[in-house]
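Notes for the one structure printed next.
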Amino acid sequence: MKIFLTGLILAFLIGYTTSSLLSPQRIKAQLDKAASHIHKDISVTFESAELSLADGILPRFSVVIKQVRMESDQACWMSPLLEIDEMRLPISLWGLLTKAPPIKVIDTDNVKLTLRGTVEACEKQKQEVAKHQEDTPAPLVTLSPSEQADKYRNDVRGLRIRSFKIISAQYPQYPSELLNFKANVKSFEPRVVEVHAKTNLLRDDMVGDYLSHANLFLEYKEMPEQSLQAHFFGNWREGHYSVIAHYSLVDHLLNIETDMKHIPLSQVLRVLQKYDLVSKELNGKQVWVSAKARLSGEAEKLKNAPFEVKDFRIEGDLGEMSVEQASFTSVDPLRYKPFLIDIKNMRIDKLMSFINRPSKARVFGDLGSFTGQAEFVSERDIRMVGEHQGLQFIFSNKSQREMQIVDRISGEMSLKGDTWNIAVNRAEPRGGNFIGNIKVKADRDFKDVVLNTNIDEATLAPSVQALMTNGGEIGVLSLNAEARLKENKISYIKGTAQVSSADVEGMAFGKAKAKFDLKQGEVVIHAQTQSLSVEQESPGADVLEQVVPTGWWTDDKLAMKDIHGEFHWKTNESLQWIGFESTFNKDAKLATAGSWNEFGQLKGTVNIKDGKTSKKFQIGGTRDLPTFAEDGPRGSRK
């Protein structure tokens, strides 16, 4: 009984002493004192601290600190605010008994770091500090680096954080999160610290984070010099990437090497567009990019640091582009040495979609593909040489359409300063022929375009000819012309055109030629043809029979020759014909003049001379249904 009472009293004294020494109030007081010595520029507060003797059902001796808040106004630290919901400091009983450091690891669940400052604020603080140091004498006594290290040294070897969120106040919409963050001190002398973590920094919220895991590894060491090594790697959707960086704290040199393979370009653009690094108009769907890059320079002068790109490749629906090597001498402003881009089957319609310009002129079908090479000397000196395949032109007539496919177009395109030069020296229209060249000169935005054509021979596919002539055909066309367009309006045009023959809806034209020019805002065309033969069953015969004497028809045909006159054409679809004449024989002639407006309404006259007989008709109606009223006592014929 005496032994039992003695044990009970000793247990009471030990428990009372322990509860007194390790009470929440005493623990909080000790932590407040320790927190005040962390750093003069760091303020530390916490809500409560207590001793925990278990972790669930398992025994565990640790100090639990809740609602920790650490903050600093240092601009060059980005004015950080660190918030921790719960911090656990496991205490080693063996350490307490042997007087060894009792705390070696810190455990936390959720940590949030908010960077409230900006780079501009840091630069401003640097300038103020530099000015203050010029006006302030150096202190008489300073602590050496080793003394400072000894003063604040502790033996904590590990930090574990389940979820570590980092938020920039400048970009609050783009937070980052590190999972299973672990920091371990491998050595105190010399100092070696390792950090491991996982992250979903590049996660696509629409498809879930399982497609974009990333791993982070950091190593800080003091021997043979102070340096920081980082390795960031993982998968990004169906591709993967690796970034290795080495930073020397002695000379502040930063070396970065990256390797990306089959990364979705849409994801890369999304990240770059968030920070306004590329145009938000770009659309990289179904396009993948691979590349290797290397950058080296002073950390504070990275914008002016040189970097190299190797094995750059873009592939997908867009086609393929590759660069074996490109050297950049500066990021801001962007400067680079001349480099070559190999292009294979670049789909022009996909390219237009990539830059969000999907609309195209109605005259085009498929825009085809380009294969060739582009040389970039500078953003104002670019040259492309290659071959375009599969360009389609749409021809329509009476609600029917036919496609003229150009199998190949060879030429080159260059930008010098603010001027584009395009030269087409070979074309192969399917089912047709092309001999000649086309040259285009334009400003950077193609608002001022000069076109030169020298075509010796050109023919279209038979199916296109049949559509445009209602079953007929068009002979060989030759064209020599120069035109200028400003803001999509013709400001100058001059040239000649000639066609060997044409059969249009039962009307057969002989050799025809035209000379055209621009006068007072109108395109003036001087046209002439050697002959015209009109079949009795053609639509043209229905019109001509209303004014031409029946004696002019022979064997159900009307044969005229030496037809000539002028057309005056305006862009609003109005047309005027002046002084058109044709000859049936030396005593029989037809002359006409007139116009139609933008609504297709006709007006004009037709004069017929047949020997000593003359007749005059007034033209009315529309282009689709013309009417003729004869002057004089005979009245009108319709």
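All values derive from a computational prediction rather than experimental measurement. The residues of the chain are indexed from 1 along the displayed sequence. Side-chain atoms are counted along with the backbone in the values below, which use heavy atoms only and exclude waters and symmetry mates.
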Under a plain distance cut-off of 3.5 Å, with no hydrogens placed, do [Y] and [X] share a side-chain donor-acceptor pair?
| X | Y | answer |
| --- | --- | --- |
| Glu387 | Gln389 | yes |
| Lys198 | Asn215 | yes |
| Asn421 | Ser414 | no |
| Gln229 | Tyr247 | no |
| Ser248 | Gln226 | no |

Audit row: Ser227, His246, side chain to side chain contact (heavy atoms under 4.5 Å, CB included) steps and yes/no: CA-CA 7 Å; Ser227 63; His246 181 271; 3.6 Å; yes

Derivation of the side-chain hydrogen bond (donor to acceptor under 3.5 Å, both in side chains) call for Ser163 and Glu177: CA-CA 7 Å; Ser163 173; Glu177 183 179 16; 2.7 Å; yes

Just wondering, do [Y] and [X] contact through their side chains at under 4.5 Å, heavy atoms?
| X | Y | answer |
| --- | --- | --- |
| Val105 | Arg160 | yes |
| Thr108 | Glu86 | no |
| Met413 | Trp420 | yes |
| His252 | Leu254 | no |
| Ile161 | Leu178 | no |
| Glu71 | Ile42 | no |
| Val309 | Val323 | no |
| Gln325 | Glu308 | yes |

Give me the atom names and distance for the closest heavy-atom approach of [X] to [Y].
| X | Y | answer |
| --- | --- | --- |
| Asp349 | Asp366 | OD2-OD1, 4.1 Å |
| Asn184 | Gly158 | OD1-CA, 4.0 Å |
| Leu415 | Asp418 | CD1-C, 4.1 Å |
| Tyr336 | Val377 | CE1-O, 3.8 Å |
| Ala305 | Gly297 | CB-CA, 4.1 Å |
| Gly117 | Ser79 | N-CB, 3.8 Å |

Aromatic ring pairing Phe181/Phe164, orientation class (parallel under 30°, perpendicular over 60°, tilted between): perpendicular

Geometric class of the Phe339/Phe376 ring pair [parallel <30°, tilted 30-60°, perpendicular >60°]: parallel

Stepwise side chain to side chain contact (heavy atoms under 4.5 Å, CB included) check, Leu249 with Tyr220: CA-CA 10 Å; Leu249 282 73; Tyr220 168 79; 4.2 Å; yes

Donor-acceptor check, side chain of [X] to backbone of [Y], threshold 3.5 angstrom: yes or no?
| X | Y | value |
| --- | --- | --- |
| Asp251 | Leu253 | yes |
| Ser290 | His262 | yes |
| Arg444 | Gly417 | yes |

Measure the [atom1]-[atom2] distance between [X] and [Y] for me, rounded to the nearest 0.5 Å.
| X | Y | atom1 | atom2 | result |
| --- | --- | --- | --- | --- |
| Glu219 | Lys221 | CD | NZ | 5.0 Å |
| Leu179 | Lys165 | CG | NZ | 9.5 Å |
| Ile244 | Phe233 | CD1 | CZ | 9.5 Å |
| Leu81 | Arg116 | CG | CZ | 5.0 Å |
| Trp288 | Met260 | CH2 | CE | 15.0 Å |
| His388 | Ile348 | NE2 | CD1 | 5.0 Å |

Assess whether a salt bridge exists between [X] and [Y], defined as any Lys/Arg side-chain N lying under 4.0 Å from an Asp/Glu carboxylate O.
| X | Y | result |
| --- | --- | --- |
| Glu189 | Arg191 | no |
| Asp109 | Arg88 | yes |
| Lys416 | Asp381 | yes |
| Arg347 | Asp317 | no |

Gln373/Asp342 under side-chain hydrogen bond (donor to acceptor under 3.5 Å, both in side chains): CA gap, chis, key distance, verdict: CA-CA 5 Å; Gln373 194 173 70; Asp342 289 315; 2.8 Å; yes

Test salt bridge (charged side-chain N to carboxylate O under 4.0 Å, His left out) applied to Glu257 and Arg294, Lys310, Lys292, the passing residue: Arg294

Evaluation steps, side chain to side chain contact (heavy atoms under 4.5 Å, CB included), between Glu320 and Met346: CA-CA 6 Å; Glu320 293 184 20; Met346 179 63 67; over 6 Å; no

Intermediate values then yes/no, side-chain hydrogen bond (donor to acceptor under 3.5 Å, both in side chains), Ser242 and His231: CA-CA 7 Å; Ser242 172; His231 188 193; 2.9 Å; yes

Pair Phe370-Ile343, side chain to side chain contact (heavy atoms under 4.5 Å, CB included): steps then yes or no: CA-CA 7 Å; Phe370 176 81; Ile343 304 170; 4.0 Å; yes

Pair Phe217 + Phe232: ring centers closer than 6.0 Å: no

Working for side-chain hydrogen bond (donor to acceptor under 3.5 Å, both in side chains), residues Asn110 and Arg162: CA-CA 6 Å; Asn110 301 302; Arg162 185 174 61 82; 2.9 Å; yes

Whether over 12 other heavy atoms sit under 6.0 Å from Glu222 CD: yes

